[in-house]
Each structure stands twice: as structure tokens, then as C-alpha cells.
*Asks:* 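Mind looking over this structure? Questions follow.
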Amino acid sequence: MCKTRVLSAPSAKVPFEKTTIERRELRPDDVLIEIKFSGICHSDIHSAYGEWGGGIFPMVPGHEIAGVVTEVGSKVTKFAVGDRVGVGCFVDSCGECEYCLKGEEQYCTKGVVQTYNYLDYDGNPTYGGYSQKIVVTERFVVRIPNSLELDVASPLLCAGITTYSPLKHWNVSPGKKVAILGVGGLGHLAIQYAHALGAEVTVLSRSMDKKSEALSFGADHYFATSDPETFKALAGRFDLILNTVSANLDVDAYLSLLRVDGTLVNVGAPGKPDQYSVFSLIMGRRSIAGSLVGGIRETQEMLDFSAEHGISPKIEVISADQVDEAYERILRSDVRYRFVIDVSTL
């Protein structure tokens, strides 16, 4: 077994503790990774605070993992010691169902194994990236391009693929008019991807506070949703609205901004169900949809695309001792735009 230092939540809503866990011995298809940086995702907070129910404690969160390969199993062919690699939201799947075979492991019919707060197929709890080392089957490891620094790359393993995947699935390309709802950890990356894909990009945010930053990320237009005139001015304009916020919306108001056959895609998850009138869909043949991160093949594509187009998250690197404070700051929206843990401080 491989012992490693971790940052662990003993139970819900209590401070993190530095402790030690054991990772499994390397199987023939496993890769041992020395973690350098681990991004903090809002879902880490939901999980560590027990807000989604069924939390497995003690818990080691983290599914935005960037590091270096230090050992490989006897049958590993894709990676070698010294390679710069990443691990995202999942660490295993059946590999046999129609979705796994299509490279959409996140929809595995057997149930994809999440990187932390989950049970693997042997019934053992999974522990995430707030850790010095992790052992992962090579199918769920991706290569980080040399032009991406590891600290910057780590949030791309969740926030990056979460926004890139729906933009690709709904064929965002030159000539498309796309609105990004929210300029946060997800939104500021979505703006960059939509711009790089050639769309005309409009940002919708509650206030005008982030206009200059949104424009610097590649937005063509910026509107405040707190202004009722916004919904009049933008009626029927967009092919796609990507909703990156986790708050409940006036769904009918946002559906009114879509063209015929337009789609409102949700990647944020509000705490309560949304409500809307079916006539908002019928009258414009509009759709409401959702998207769950992306498969491994697409995650590698996203990393390569990010490197090619100079796309990167805006981050604040913190020490392991600052994680509790970082959680509080995220809940106050006091971050531009992602926290990344320097794992060497564990």
C-alpha cells in the first residue's frame, strides 16, 4: 500500500485536518501520480458540508488534480515516469457500455466511479486530490500540454471540461450567438471557449461590476440581468444560453431570449427545482437541457484546445492551511475566479 498525506474532513462542516491515508497498490494498468496542485470546486463544499446527502466521512475532496507520474503498472502504455498529467471528476467506469465505448464515461450505465466521496467497484471509498499522491487506472488519466502550467491546468479538469463540453455538443461555431450566464469559476472559462470557437459572445450578469473582465476574456457584449430592459433588448437573440450559475432563475424570462430552436443549457445546479411555463418552449420550439462534465477523450481535447488558444482560468494559489478560509470566501463570492491548493504545503 502507498501511504500519503491528505487534507481530510472528519465530518460535515468541521475544519479540515492533515492526516494520512493508504492508496491501493499499483495494479498492472494503474498510474501513481505525485499531486502538485488541486483546484477547489464548489461541489467540494457541497460534499464536505454534507449538503448533497450520503457523505462518506472522513472525506478527502478534490477532482481538479494536476501532477507528475512517479510510477506505472506493468501494462501501462500511455504514460511514463515524469509525464505531466491530470485527473478529473471520475476514476473508473465499466468500459463496456454504449456510453463508455463512445467516450462518454460520465454516463456509464453501471455508474461511473467518482474521484472522491464514492465507492469504487470493490466497495472501497474513493479519496480525492487534497492529497500528495493518488493511484488511478490509466484510462482516466489525461496528459497536460507543456504550455499549460500545472497550477493553471488543475481547474480545467472540472470547470474547463464542464463548460467546453456543452459548447461543443451544441455546435458552437462562427455565426452562432451565444450567451454565457454568470461570470464565475465556470463562466469566465465558458466565455473564453465560446470566443475561441468563433461565436458572438454575450455575457449576462446581475450587475455591471464584471464587465471589463468579461470583455477581456473575449465577450463581445455585456448586459446586466437586474435591468428589466435587458430582456426586452435581447428577446429572441440567442442560439444557445449556457447557464453557469447555481441559483434559481426566472426560467421563462431566459427562454424568451432564445431564437426558434434555441437551447438553455444548465451546468450549474440550484438547490431547489426550477419552474417554467411549457408555453415558453412550445412557442419557439425551444429546449431546456443539462450537461455533465465530459468524457476522457473530450477532456484531453479540451486541454489541447486550451493550450492551443491560450485559454486558462484566473486563479489564486493557496496553502493547505487556507482551505477552510477559501471555502468561506467562495460562499461570499470572494474569489477571482478559482482557488488552487499548492499540495506541497500539506
Side-chain angles (χ1 to χ4, degrees), residues 1-25 30 32-67 86-93 106 108 111-137 140-141 154-155 157-159 161-162 185 246 268-269 271 292-293 318-332 335 338-346:
M1 304 293 283
C2 171
K3 288 188 176 181
T4 182
R5 293 276 293 171
V6 300
L7 201 61
S8 171
S11 58
K13 291 187 176 180
V14 300
F16 280 95
E17 295 179 355
K18 293 181 181 179
T19 185
T20 301
I21 63 168
E22 289 188 339
R23 300 289 191 181
R24 68 171 183 257
E25 293 182 6
D30 277 343
L32 175 62
I33 300 167
E34 180 181 344
I35 299 174
K36 300 296 186 180
F37 297 95
S38 184
I40 296 179
C41 177
H42 204 130
S43 60
D44 296 351
I45 301 176
H46 288 303
S47 299
Y49 282 12
E51 294 173 348
W52 284 347
I56 301 173
F57 294 95
M59 183 187 299
V60 180
H63 57 208
E64 297 179 343
I65 299 167
V87 177
C89 300
F90 311 117
V91 291
D92 205 1
S93 72
Q106 71 271 34
C108 175
V112 70
V113 177
Q114 298 181 20
T115 305
Y116 72 88
N117 193 33
Y118 212 75
L119 297 178
D120 65 21
Y121 292 148
D122 295 325
N124 301 309
T126 57
Y127 300 108
Y130 298 8
S131 170
Q132 291 182 332
K133 299 177 183 179
I134 192 169
V135 176
V136 183
T137 180
F140 282 80
V141 179
S154 64
L157 277 303
C158 176
I161 187 59
T162 293
S246 295
L292 176 65
V293 289
I318 61 171
S319 72
D321 293 331
Q322 295 175 289
V323 171
D324 290 304
E325 177 189 354
Y327 274 28
E328 294 173 1
R329 285 181 57 190
I330 290 171
L331 295 175
R332 298 196 305 267
V335 57
R338 300 290 281 197
F339 285 116
V340 174
I341 304 167
D342 180 351
V343 174
S344 69
T345 61
L346 255 175

*Asks:* Hey, could you give me each pair passing side chain to side chain donor-acceptor pair (under 3.5 Å) that has a residue in residues 117-128? Not counting sequence neighbours.
*Replies:* Arg27-Asp122

*Asks:* Compare all side-chain heavy atoms of Leu157 with those of Val87 and state whether any distance is below 4.5 angstrom.
*Replies:*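 No - every pair of side-chain heavy atoms lies 4.5 Å or more apart.
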
*Asks:* Would you indicate whether the side-chain heavy atoms of Tyr327 and Ile45 approach each other to under 4.5 Å?
*Replies:* yes

*Asks:* Report yes if some heavy atom in the side chain of Val340 is under 4.5 Å from a heavy atom in the side chain of Pro155; otherwise report no.
*Replies:*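 The answer is yes; the side chains approach within 4.5 Å.
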
*Asks:* To the nearest 0.5 Å, tell me how far Phe339 CZ sits from Ser154 OG.
*Replies:* 13.0 Å

*Asks:* Please enumerate all residues that pass side chain to side chain donor-acceptor pair (under 3.5 Å) together with Thr20, with sequence neighbours excluded.
*Replies:*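 Here no residue qualifies.
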
*Asks:* Under the rule for side chain to side chain donor-acceptor pair (under 3.5 Å), what residues qualify as partners of Ser246, not counting sequence neighbours?
*Replies:*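 Not a single residue meets the side chain to side chain donor-acceptor pair (under 3.5 Å) criterion with Ser246.
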
*Asks:* Just to verify, what does Glu34 make a side-chain contact (heavy atoms from CB on, under 4.5 Å) with, not counting sequence neighbours?
*Replies:* Lys36, Thr70

*Asks:* Is there a donor-acceptor pair under 3.5 Å between the side chain of Gln322 and the backbone N or O of Ser319?
*Replies:*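 Flag set: sc Gln322 to bb Ser319 pair under 3.5 Å.
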
*Asks:* Mind listing the side-chain donor-acceptor pairs of residues 1-18 below 3.5 Å, one per line with the distance, residues two or more places apart or on another chain?
*Replies:*
residue: Thr4; atom: OG1; partner: Gln132; partner atom: N; Å: 3.4
residue: Thr4; atom: OG1; partner: Lys133; partner atom: N; Å: 3.0
residue: Lys18; atom: NZ; partner: Asp321; partner atom: OD1; Å: 3.1
residue: Lys18; atom: NZ; partner: Thr345; partner atom: O; Å: 3.3

*Asks:* Do Phe140 and Asp92 make a side-chain contact, defined as non-hydrogen atoms from C-beta onward lying under 4.5 Å apart?
*Replies:*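 In contact.
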
*Asks:* Any chance you could measure Ile40, atom CD1, to Ile341, atom CD1, to the nearest 0.5 Å?
*Replies:* 4.0 Å

*Asks:* Would a 4.5 Å heavy-atom cut-off, applied to side chains only, mark Thr137 and Val91 as touching?
*Replies:*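 Counting from C-beta outward, Thr137 and Val91 never come under 4.5 Å.
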
*Asks:* Could I get the full list of side chain to side chain donor-acceptor pair (under 3.5 Å) partners for Asp342, not counting sequence neighbours?
*Replies:* Ser344

*Asks:* Tell me, do Arg24 and Asp30 make a side-chain contact under 4.5 Å, heavy atoms counted?
*Replies:*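 Heavy-atom side-chain distance check passes, below 4.5 Å.
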
*Asks:* Quick one: side chain to side chain donor-acceptor pair (under 3.5 Å) partners of Ser131, sequence neighbours excluded?
*Replies:* Arg23

*Asks:* Listed by chain and number, what are the side-chain contact (heavy atoms from CB on, under 4.5 Å) partners of Cys41, not counting sequence neighbours?
*Replies:*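 Listed in chain order: Ser43, Asp44, His63, Glu64, Cys158, Arg338.
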
*Asks:* In sequence, state the C-alpha distance, the side-chain angles, and the governing distance for Met59 and Ser47, and then conclude on side chain to side chain contact (heavy atoms under 4.5 Å, CB included).
*Replies:* CA-CA 9 Å; Met59 183 187 299; Ser47 299; 3.8 Å; yes

*Asks:* Sequence neighbours excluded, which residues qualify as ring-ring contact (aromatic ring centres under 6.0 Å, His included) partners of His42?
*Replies:*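 Only His46 meet the ring-ring contact (aromatic ring centres under 6.0 Å, His included) criterion with His42.
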
*Asks:* Evaluate the side-chain proximity of Ile65 to Phe37: yes if any heavy-atom separation is below 4.5 Å, no if none is.
*Replies:* no

*Asks:* Got a second to check how far Ile35's CD1 is from Leu346's CG, nearest 0.5 Å?
*Replies:*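 Answer for the CD1-CG pair, Ile35 versus Leu346, is 9.0 Å.
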
*Asks:* Is the closest side-chain heavy-atom distance between Val113 and Phe90 below 4.5 Å?
*Replies:*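 No, too far: nothing below the 4.5 Å cut-off.
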
